[in-house]
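Working notes, structure below.
We use all heavy atoms of the structure for the numbers below, so side chains are in, but hydrogens, waters and symmetry mates are not. First listed ligand is number 1; within each ligand, the first listed atom is number 1. Since we're looking at a predicted model, the values are computed, not measured.
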Amino acid sequence: IRTAIMISGGGSNMAALIEAARAQDYPAEIVCVIASNLSAGGIAKAKAAGIPAFAFDHKLYDREGLERLVHTELEKAGVELVCLAGWMRLLSPFLIGAWHNRMINIHPSLLPKYKGLHTHKRAIEAGDKEHGCTVHYVRQAVDDGPIIAQASVPVLAGDTEDVLAARVLVQEHKLYPHALALVGSGRVRVTGDEIAVQPGTA
Ligand code: GRF
């Protein structure tokens, strides 16, 4: 499945998806990367992997104006699925509507817990013993939508926000390629807000 990745930062999740997609039998091809600012570290990583990268300075556009430019690039590249990976701009109903059930996102919490920001800090402060990450279909409500896959990690005594975030990030880099493979191999069925995922190979 022809896949685009949208980033705003370093793109470590993007890099994990690009690496996974190098496998001959991987059921997704990364055809382009789109960045919401010109200084995203992920742009250089995409180019080094030979993947076209389009960077926009989001400060030059209103929300929907940027999204219309992004949508045009996605359509020109024949994209069939969009992976948000550290994309830090709220999306308007325009792009979310245009990519309904064709746009997924990774969020660093065990949704529905801790939607929004500072998820690791919130898990520690709540005294949770478990935390993790989620790949889900994007809906208008932020960090909400049918869940494709999740991975959990223990919260250990003395964990700082950074230590826990790093433990979760390791799982993100495994979970996202796994979730994209489930979608690309046709193992995920979404109807309305109901989702069925056939267990894929590990
Ligand atoms: C990660 O915590 C991810 O869960 C969130 O953005 C953070 C940075 O991701 N979406 P990346 O290193 O830019 O992929």
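In this structure, E125 does not pair ionically with R122, as no charged nitrogen and carboxylate oxygen lie closer than 4.0 Å. For the pair K113 and D128, the salt-bridge criterion is met [side-chain N within less than 4.0 Å of a carboxylate O]. Here K121 does not pair with E161 in a salt bridge; the nearest charged N to carboxylate O distance is not below 4.0 Å.
In this structure, atom 1 (C) of ligand 1 is in close contact with the protein, since a protein heavy atom lies within 4.0 Å of it.
When only modelled atom types and interatomic distance are considered, D162 and T160 share no side-chain donor-acceptor pair under 3.5 Å.
Minimum heavy-atom separation, I124 to D159: CD1-O, 3.5 Å.
You'll find the ring centres of H71 and F94 inside the 6.0 Å limit.
Distances from ligand 1 to the non-hydrogen atoms of I106 include at least one value under 4.0 Å.
For atom 13 (O) of ligand 1, the closest non-hydrogen atom of the protein is G11 N, 3.0 Å. Protein heavy atom in closest approach to atom 4 (O) of ligand 1: E172 OE1, 2.6 Å. Nearest non-hydrogen protein atom to atom 14 (O) of ligand 1 is N13 N, 2.7 Å.
Checked against a 3.5 angstrom limit, the closest N/O atoms of H107 and ligand 1 fall outside it. Between M88 and ligand 1, no N or O atom pair is found at a separation short of 3.5 Å.
Of all atoms in ligand 1, listed by their number and element, those nearer than 4.0 Å to a heavy atom of S12 are 11 (P), 12 (O), 13 (O), 14 (O). The contact set between ligand 1 and G86, taken as ligand atoms under 4.0 Å from a residue heavy atom, comprises 6 (O), 10 (N).
Open room surrounds NE2 on H118; 12 or fewer heavy atoms of other groups in view lie less than 6.0 Å from it.
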